[in-house]
2 protein chains.
Amino acid sequence: MSIRTTSPAPRKRASRRSNTAPTIADVAREAQCSPMTVSRVINGEGNVREETRGQVQQAISKLNYSPNRAARSLAGGEQLRIALMFDNPSASYLSEFLVGALEEAGRIDAHLEVQSCESATEALPLMRKLAEGGISGFILPPPLCDDQRVLDLTKDLGAIAIAVGPGKAEGSHGAFMIDDFQAAYDMTQHIIGLGHVRIGFIIGNPEQVASGRRLNGYRAALEKAGIEPSDDLIVQGRFTYRSGMAAAEKLLALDQRPTAIFASNDDMAAAVVAVAHRIHLDVPNDITVCGFDDTAMASTIWPELTTIRQPIREMTAKAVAAIGRITRARRSGEKPKAEQTILPYTLVRRESDAAPSLAASKRNGAG
Amino acid sequence: MSIRTTSPAPRKRASRRSNTAPTIADVAREAQCSPMTVSRVINGEGNVREETRGQVQQAISKLNYSPNRAARSLAGGEQLRIALMFDNPSASYLSEFLVGALEEAGRIDAHLEVQSCESATEALPLMRKLAEGGISGFILPPPLCDDQRVLDLTKDLGAIAIAVGPGKAEGSHGAFMIDDFQAAYDMTQHIIGLGHVRIGFIIGNPEQVASGRRLNGYRAALEKAGIEPSDDLIVQGRFTYRSGMAAAEKLLALDQRPTAIFASNDDMAAAVVAVAHRIHLDVPNDITVCGFDDTAMASTIWPELTTIRQPIREMTAKAVAAIGRITRARRSGEKPKAEQTILPYTLVRRESDAAPSLAASKRNGAG
DNA sequence: ATGAAAGCGCTAACAT
DNA sequence: ATGTTAGCGCTTTCAT
């Protein structure tokens, strides 16, 4: 072992810092304390005197300091990586979904990984691979969160999964959703309030749990209003425009045709409008049409659709935040349990609903 | 100065590494070289012997190594922050846009900042603020890149701006786009090839430069085919469904009504289909309808639209990559100049086009 | 063509 | 309650 008795002359080395953004050290100097204390203040830890904390905070705002994300996650030892899975990305849903995720991810400095797939079956191996690659958690919009295998897999993997929307096996994973039952109930009640009695309903894809809930909400509102439910008026759809057309054709060919149709999503409602127009029914004067989701379609077509707005963006943002929270909790040894959170929806009234026409009322009354 | 003649007993300290992901040092050991050489290989730098490079690459794939992003940007000294501006986000456009950006950002480890705004006027102060906050560059989809003030501002700010789509003041900023003229030309030629002669055209929003180019493409194809252009057949729209309906009503009320209508985007084309259906025209047998963009609308409605597909996702990904490249070039003192890149489009043939019916041909021939 | 050393800005672990 | 030290994994700078 060679022991030097004279230190080598330390060469001056050009600093590598190009931008002059203040660092934690600058703040420490300004606040006359150590960088560590500044770090504690930044991270809201305890064990800092109020006075010191104040000085640090002042220094921070004086220097306009903001922590360097890269350094943070490097020193912190781990990075938050969140996988955004999506299959069947209805574009309008997807954009809201992505914007919400992106905003929150920026806030908490999470790294987003988008992963599109054609089906739940295809998603399975992808998810396994991502989990092995060290993904902190998955965000699952429908219909992925309606797939039992997907949910089982996340459990096997020990991965965090948060659904954006209702999903199978609730309780096994976190979720942010609206109350689909109540929303459909409200919409139906709104239509009843307009004076309609014969109200058609188009069910969504039977494999998604939201579909059943919306149907039940419709049924419950009818019952509450003392309206005899008629099986003729309830038609199966699959959330697609095409399925909406077929359903509308059935509904509008009925001897006593409905004066209103409530479709389980906007694409199907748009199809109802198209079919109605083709047989020269005016919307909303001859027939009221309501949708669900408030996707771009709802406000693109004419007349614009009365529909239910889900706060997709907010739901996704919260899902990202939740993964951050849960990951941190796990790291500190806790075992946080999955929580479902219900967010408020809005009934957006636009141009596609109205009171039933006199003629229609009479016809139904007479028939 | 105190000179120690004996090294202090170095305490063992628990490693802070929690995950066991391989590091550059692991690779170096495996490849029997220094971390520096590995770094060079990773970054595709020169001055590495082919043999060495091969060993390193083998080690990398053997260990399944992937570089730590945080460490990279920390050591690299600066972070790539890219602002995604959007105003009037047609949802289907937006989702493609975001997915493309997200994918590439993940690849080059850029931080994305989404910024939505209601208008170009509103965008101006936001952009100024972002630039002051140290944004590396802006990505501007239409109609923001059609606004002279926005472009001027980026210039004043000395910021990098990349348009996704054609924009005003070309040459002043980078852009990734398709050849709108040629695409419209091709589509028109396709319609002519089907046998149509009376072909209506609906112009897009006059404030977007794409609108003019598409119109010119239509005109050129007509001329090339020796078809006399008729002013009656060219109607102004604004890219919205509503404007498409108004235009379609005009076009379909013509004495000699067109046997085909080419709308400058899908929303307007969808409106044409709706109007046609209302007057019991079959699409495509009574009238051919074509769109542009291949947004979700095109494949949602029935019949699905024949349209032009722009590779939005790819365009945005390239825009992100370009900002990375330009930023790096600037840092090393170069002054890279803005480049426009034309990407290939596709004519997607679906169900909304057909040869003109005999009746229609005769009528037009007779009239 | 390759490597050693010195940080990048921050935090975990260990003092005090 | 606060400070010290030693990294996190990588790249830059400088030396060979």
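Below, chain A is the first sequence line, B the second, and so on; all start at residue 1.
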Point to revise | Which nucleotide in C:dG7, C:dG9, D:dT2 has an atom nearest any side-chain atom of A:Arg49 | key: D:dT2
Practice item. Calculate, to the nearest 0.5 Å, the distance between atoms CZ and OG1 belonging to B:Phe97 and B:Thr316 respectively. Key: 5.0 Å
Study note, to complete from the structure: Rounded to whole Å, the CD-C1' distance (B:Glu51 to C:dA1) equals 12 Å
Check your understanding: Can you tell me how far C1' of D:dT12 sits from CD1 of B:Ile42, to the nearest Å?
Key -> 15 Å
Check your understanding: When all nucleic acid strands are considered with a 4.0 Å heavy-atom cut-off, which category describes A:Pro67: base, sugar-phosphate, or nothing?
Key -> sugar-phosphate
Point to revise | Short side-chain N/O contact to C:dG3 OP1/OP2 from B:Thr37, under 4.0 Å | key: yes
Revision key, fill the gap. Comparing A:Ile24 with B:Gln32, nearest DNA chain C nucleotide closer to 5' gives the residue B:Gln32
Check your understanding: With the threshold set at 4.0 Å, does a side-chain nitrogen-carboxylate oxygen contact exist between A:Arg149 and A:Asp152?
Key -> no
Exercise for review: Let me know the distance between CG of B:Leu74 and P of C:dG9, rounded to the nearest Å.
Suggested key: 7 Å
Exercise for review: Would you kindly give the CD-to-P distance between B:Glu50 and C:dA1, to the nearest whole Å?
Suggested key: 11 Å
Exercise for review: Test A:Val99 against B:Leu94 for side-chain contact (heavy atoms from CB on, under 4.5 Å), laying out the working first.
Suggested key: CA-CA 9 Å; A:Val99 170; B:Leu94 184 55; 4.3 Å; yes
**Study point:** Residue-phosphate contact under 4.0 Å: A:Thr23 side-chain N/O, C:dG9 OP1/OP2
**Key:** no
Check your understanding: Taking atom P of C:dG3 as reference, at what distance in whole Å does atom CE of B:Met36 sit?
Key -> 10 Å
Point to revise | Pairwise distance OG1(A:Thr121) to CG(A:Leu126) - rounded to 0.5 angstrom | key: 11.5 Å
Check your understanding: To the nearest angstrom, how far is B:Gln55 atom CD from C:dG3 atom P?
Key -> 10 Å
Review point. Run the side-chain contact (heavy atoms from CB on, under 4.5 Å) check on B:Val114 and B:Leu98 step by step: do they pass?
Key: CA-CA 9 Å; B:Val114 294; B:Leu98 292 176; 4.2 Å; yes
Check your understanding: Taking the side chain of A:Ser39 as its heavy atoms from C-beta onward, which of C:dA4, C:dC10, C:dT11 lies nearest to it?
Key -> C:dT11
Review point. Can a side chain N or O of A:Thr52 be found less than 4.0 Å away from OP1 or OP2 on D:dA1?
Key: no
Review point. Whole Å only: how far is the CD atom of B:Glu45 from the P atom of C:dT2?
Key: 13 Å
Review point. With nearest nucleotides of DNA chain C determined for A:Ala25 and A:Arg40 from heavy-atom distances, which residue corresponds to the more 5′ nucleotide?
Key: A:Ala25
Practice item. Tell me what A:Asn68 touches on the nucleic acid: a base, only sugar-phosphate, or nothing, going by heavy atoms under 4.0 Å. Key: sugar-phosphate
Point to revise | Protein-nucleotide distance (A:Arg29, atom CZ; D:dG3, atom P), rounded to Å | key: 14 Å
